[in-house]
A.B. asks: 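Here it is, the structure, as C-alpha cells.
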Amino acid sequence: MTSFDLVEPETLEDAFKWLGVDDSSVRPFGGGTALMLMMKAQLFTPVRLVSLRKLGRQFEGIERSSNDGSFRIGAMTTFSQLEHSPEIRAHLPVITQTMKTLANVRVRNVATVGGNLAHGDPHLDLPPVWMALDASATIVNSSGTRTIPVGDIFSGYYETTLEQGDLIAELRVPVRPGWRSRYIKVTTRAEHDWPALGIGLSLHAEGRVIKDLRIVLSAAIDKPTRLIGAENVLRGKEIDDALLKRAGEAAADETHIETDNRGSAPYKKHLLRVHIARAVSALVTE
Amino acid sequence: MTTPRTIRFKLNGRSVSADIMPHETIVDMLTQRFDLKGARESCGQGLCGCCTVNIDGMAVSGCLSLAWFLDGKDVQTIEGVANGATLDPVQQAFIEAGAFQCGFCTPGFIMMVRQLLDLHPDPTEDQMRHFLTGNLCRCSAYPEIIDAVKIAVAKRAELAHLVA
Amino acid sequence: MDAVTASPNIGRSIPRLEANDKVTGRIEYIHHLRLPGMLYGKIFRSNVPHARIKSVDVSAAEAVEGVFQVVTIDDIRKVIPHPYYGPAFHDQPILADGKVRFAGEPVAVVLATDKRIAEQAAALIVAEYEDLPGVFDEVDAMTSQTLVHDELKPAATFPDLQHLKGRKGTNIALDYHLVRGDVEEGFAKADHVFEHVFRTQQVMHTPMEPFVSVADAQDGSVTLHTASQGPSFVRIEIARLLGLPENRVRVRVPHLGGGFGGKLYIKLEALVTALSMVARRPVKIALTMEEQFFMVTRHPCTFTIKSGVNKDGRIIARHCEVVWNGGAYADIGPRVTQKAGFTSAGPYDIENVLIDSYAVYTNRPPCGALRGFGAPQTAWAYECHTDMIAEALGLDKIEFRRMNILREGRPQASGTPMVDAAVEQAMDHTLDLMNWKLPFDRGSGKIRRGRGVAIGFKGITAPTTSVAIVNLYGDGSCALYIGTVDMGQGSDTVMAQIAAEVLNIDPAAIKIIHPDTDVTPYDMGTLGSRSTYHMGTAVRLAAEDAKAKIAALAAELGLPEGTNAPLAELLRRKYGMQAGNIIGTGSFIPDYQKPDTKTGQTIKGTPFWGVGASGAEVEVDTETGHFTITKLVNVADVGTAINPKMVLQQLSGAAIMQLGFTTTENMVFRDGQLTNGSLADYKIPNLLDMPREFINDYTQSRQKDGPFGAKGAGESTTIALSPAIGNAIADAIGLFLPDLPITPESIFRALQDANGTPLAGE
C-alpha cells in the first residue's frame, strides 16, 4: 500500500473542501473495509482519504419516526449496530436475518451502511434488501441535498451514480404494514461464501393472493436489479405452482446472468427460477 | 507530503503512543512498533481472523484497520488477555479441549470467543458456529474449538458465581 | 489391555508441550523474525503462462526511494553459477531464466528496507514477453507438441532417475510401471470388464502461516531461518547449490503455522539465499496468502481404471493408467507418481495388475506433496470404481469389497506383503459407526438421501533415515535433539512421550531442541506420515542408548545393578559436582528392497502401510443439486495411539481438509491464469462446513516394529474420504460423478443429463 494523506473533517463544509477536487484518488472513507481491500491489492491508490468518522449527527444513529414509523439510518451506522438494534429487529426483521450470514463479525463491527452502498459491488447482501424494502438514500454535496431510491445509486458493475464530492448521509426506510420480507442468499461452493445469487424479496399478501411485491436480484448480475417482469406475473394473483413457475421463467428471461466461479449462467438461471418460487411460496404462507 | 502523527491510546491497559503513518495497519503497528506477535496477518482480507484485536470492546481485523484511528481508543490483544501467569478462562479452555494444532490462528479464535461470550454468555451451538465463521483454522481443529467454547462458558459461569 | 497401553506415558493424552505459548500468542514462528539490517524481498511475477522473456525493465522500481536493489537471474548467476534446484529434478530456476513456464512464476525481486516500499516498487517493474503456446491439461501434455522444458534434468541424488537425463521432446518427466501377472490374459478370462475415467482438480495447502524464509549469507557460509518441513534436505540442497560442505549451511526451524506437505524440500530457501548473497545483507521473503497459490499445489490427475471381474464378484485383472499434472516444475511430483502409482490398484487382492503412472509437465503452478502423496487422488478413482462395478453386477458393495480385500499377510500388487495393515478392521469399524445394518431413511420427493463407504491405503516413502540425540544434563533433566518439525501435528509431545517411556521420566519436563542443523542430527523430513514411526524409533533407540550409558556409569561407580540412584547423583559422584552429560544417540532406517525397475516388484517396498476407511451420509436437493453431508465417519489404523487425543485430532483435521478438497476447493484456471487465488474465492472449510455428525476413531491394532506399536497417521483419513462422499451421492441420486470437486452444479448437471434435459454449457 502506498502512503496517502488522511484527514478527519469535523464539519460537512470541511469535508466538501477536502473532497471537492476533480481527482478520483481522493475518496471518502467510512468503515474502510472495501477500500482497504482495494488498497492492499493495489487496485486503488489514494492520494487522500477523507474520513467521515467525525461528521457527527446526520451520519449517525438509527431513529424511528413518530409519524409514519419509518427509519432514518445514518450512513456511518455500522452493521453490528443494525444487527443489535432492538427497533430494527422488531420492525425490519429481514435486516437482522441478513446480518447472520453477512461477511463476519469483525467486518460487521466496522463496515458502514453508506460505504456498503457507495462501493457498488453487486455481490453485497444488503443492497437488494434495502431495495426490496423501498429504501431511499439522502445524498449531500457542496451544492445541496438530494434523495433517491437506493436502486438508483447503482449504474453498473462496481459503478455508481455518485459524483466526486457526493456523500451518502443517511437512508430512509419505510415500515409498511402488512409487508413481509426475506433475503435469500444462495451459495454454491461453501456454505459461507459470496452469494451466487442474492434475492431481496418483500411482499404484501392476503391469504395466497399477492397484493404487491418487490423482487430484487443481486450477485449474479452486474448491479442489484428489480425483477419487474417476475413481479408483474405475481402481482394481484393467487399463487399456485404454475404461477410460481411462470414467475421464475420471467425472472430468468429478464436478467443477463454471467458465468463465473460460483456457477455457469444456465445453472444460476435455474437456481433463480427455483429460489424465486420457493421464497415467494414460503413468504406467502409464513 | 504525507506526514506521521502521534497517536495516544491504551494498549493492554497501559497508556502508549506511537508516531503513525496514515497507511499503517494495526497489525503492522503492533508487530513492528510494539513487538507483539499474537495478531498475525495471514489471508490479508479479513477472512481468517488471525489478526483479530479488540478495540473498545469490539473485535476487528487488524490487517484491514488503519492504526491512525486508534487515537484515544482502548486496544486489547491476546497479550493482554491473561492475568500475569494466570490464563484467561478461554485460553484455559482451548488447552483443555486441545483446540489447536499449529497455533497460528489460535489467538484470533480466542479473541473472537471472548467477544462471543461477552455478547452471549451461554451461546447456542448455532451461535458459536456463525460467530466464528470469520475465523479459519487450516489444521481444522473446529470440533475441538466448539468444545473449547463450551468449556469456556462453564468456566466463566463458575467465575461469575465465585464473584457473586 | 496389554502391557504397552498400561504404561505410564504411552496411550496418555497429555496436552501439547507448547500449549501455553500457543494460547498466549508468544510461540516462535519465522513469520515474525526480523534481523538487524534485514531487507524485505517482494517478488515480481509473470502474468503469462508460457513465454520467452524479451526484457525486464526494473529502472522505475530501482528509482523508488528506499529500494536497495532489484534482482534478476543475471544477478543471481554471479553468485550461483548454475541456479537450478529441485528435489527430483534440477529444473527450477531461482528466478525465471529466459522463459516463464506458468503465470505467477517469479521473474525479479525488489529488495528494500521496508516491505511496503518493496511491494510498491515491484508493481513498477515491466516485463515484455513473446508468448508461446501453453499446455495445461495433463492428458494433452502427454502428446502435445508444446514442450514445457526442452530437456529433462534429473537430480543426481536419485539413481533411479538417471536414465531420464538429457531426454528431450517430451513433457513426461517420469513414468512408473508395475506388472503383476498378465493383465491382458486376465481381461480375456474375465466375465465382465469395466473401464472408467476419473479426474481430480488442483488444490492448495493454504497453511495459515504463509511461506516465509530468511537467509543470512556470510562469505563461505549461510544461515537460514525458515518455515520448512525438511531442514536437513534444505541444508543439503543449499550446500549443493553453493558448493559448500554441509557444515557451512545452518538451517533453523522453530514452530510452523501449518505445512501439510507444502513446506517440504526446497521452496523459498534457494531464492532468499541467493538474494542475501547478492545483497550481502540478511533477506526475508514472506509470501502473501495469494502468492502461496504459485508456490506449490496438489497434482490434478486423470486416472483411467479398467477391471476384469468374474461373475462371482472376484476381481481378477486391473489396469491403472494415472496421469499426474505436475505443473511447470517437477518438485517432488516424480515421487508422487511412484508412491501413489504403487498403490493405485487399491487395497484389493488382484492376480493380474498393470500400473502405468506418468508425471507430466504443464504450464500450471508446480505441484508437489499434499497430505497423502497422491493416495487420495487414486482412491477417488479406485473406490468410486468399486461401487460402480458392484452396482452394475448387482452385488452388495460391502460384500464385494470383502470378497476382494487384501488380507493380512497377502502380497499387495508390488509383492510386498500386507503386514500390520488393518484394512478390513477399519472398514468394519466404519460400518459399525455408520450403523450400517440399521434401516436407512432414503428421503422423499425432491430430497434424496444416500450413504457410502470407501477404504484406502498408502505406502510410505522409503528408505528414509532419522537420527535422534537424547541429552541428559548434570541435574538429570533431559533434552531431545530432533530434526522433526512440529507444524501442529504434535510431534514434540509424542517424541517426548516416547523418550519419557524409556527413561521413566515426566514427558512434560523434557525440552525439545527444535531443528537447527548446527545442533540437531539428520532427519529426512517431516512428511508422508513418517515421523512417529521413523523418528519415534530413533528417539526410542537414543533413549535406550542413554539408559544403557546410565547403567554403565552406575556399574563404574560400583553401584549394584538395577540401582535407583538418580542420574544427578551418579553424575555428581562421577564429576564431584553438578556436571557432565549422558548422551544417547539413535539412528533408524527401515528394511527396504528396491523395486525391480521394469515390474515394480519388491518384497519390502514400504516400511508400513497407512490405512483409512471413511463413511458418509448425504442429503441431496435434487431440484438444485445442493447437498449436505449429514454424517461423516473416518477410521484409521494408527497402530498404538501414543497420545489418543492428539491422534484423533490429526484424523479429524486431515478429514476436514480432504472434505475441502472434495467439495469446496478448486483452483480454477482460464487460459493458464488462476482466477480464484485468494481465500475470498478459494473456499477452505470453516465451522459452517462441518458435517452435522462427525466421528473419528482408530482400530485396535499394533504396528509390531513401530515405537511401542505406533505408526504414522497424518494422512490416513485423507485417503478414502472423497470416494465415501462420492459413493454416498451416487447412492442418493443413482448417478456417479467422475470428477472432483463435487459441487451442487455438477450434481444438478448429472441429474439433468440423466433426465435427457441437459443444462446448456457456459
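Chain identifiers are assigned alphabetically (A, B, ...) following the order of the sequence lines, protein sequences preceding nucleic acid strands; residue numbering begins at 1 within each chain.
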A.B. asks: So, does A/Asn109 use its side chain to make a donor-acceptor pair with the main chain of B/Val60 at under 3.5 Å?
C.D. replies: no
A.B. asks: Would you call B/Arg129 and A/Glu191 a salt bridge, taking side-chain N to carboxylate O under 4.0 Å as the test?
C.D. replies: no
A.B. asks: More than 12 non-hydrogen atoms from neighbouring residues, nucleotides or ligands closer than 6.0 Å to CG on A/Asp22, yes or no?
C.D. replies: no
A.B. asks: Take atom CZ in A/Arg89; do more than 12 heavy atoms of anything else shown fall under 6.0 Å from it?
C.D. replies: no
A.B. asks: Is B/Asp28 close to chain A through its backbone or its side chain, or both, or neither, when contacts mean heavy atoms under 4.5 Å?
C.D. replies: neither
A.B. asks: Just wondering, are more than 12 heavy atoms of other shown residues or ligands nearer than 6.0 Å to NZ in B/Lys10?
C.D. replies: no
A.B. asks: Relative to chain B, which segment of A/Ala103 carries a heavy atom at a distance below 4.5 Å: side chain, backbone, both, or neither?
C.D. replies: backbone
A.B. asks: Got more than 12 heavy atoms from elsewhere within 6.0 Å of CD, A/Glu163?
C.D. replies: no
A.B. asks: Between B/Gln127 and chain A, with a heavy-atom cut-off of 4.5 Å, which part of the residue counts as in contact: side chain, backbone, both or neither?
C.D. replies: neither
A.B. asks: What are the two closest heavy atoms between B/Met112 and A/Val105, and how far apart are they?
C.D. replies: CE-CB, 3.6 Å
A.B. asks: Taking all non-hydrogen atoms of both residues, which atom of A/Asn104 and which atom of B/Gly134 are closest, and how far apart?
C.D. replies: CB-CA, 3.5 Å
A.B. asks: Work out which heavy atom in B/Phe69 is nearest to a heavy atom in A/Ser51; give both atom names and the distance.
C.D. replies: CE2-OG, 3.6 Å
A.B. asks: Search all heavy atoms of B/His23 against all heavy atoms of A/Ser3 and return the closest pair with its distance.
C.D. replies: ND1-OG, 2.6 Å
A.B. asks: Taking every non-hydrogen pair under 4.5 Å, which of A/Glu8, A/Arg53, A/His84, A/Arg48 racks up the most with chain B?
C.D. replies: A/Arg53
A.B. asks: Is it the case that the side chain of A/Arg106 and the backbone of B/Thr52 share a donor-acceptor pair, with hydrogens and angles ignored and the cut-off at 3.5 Å?
C.D. replies: no
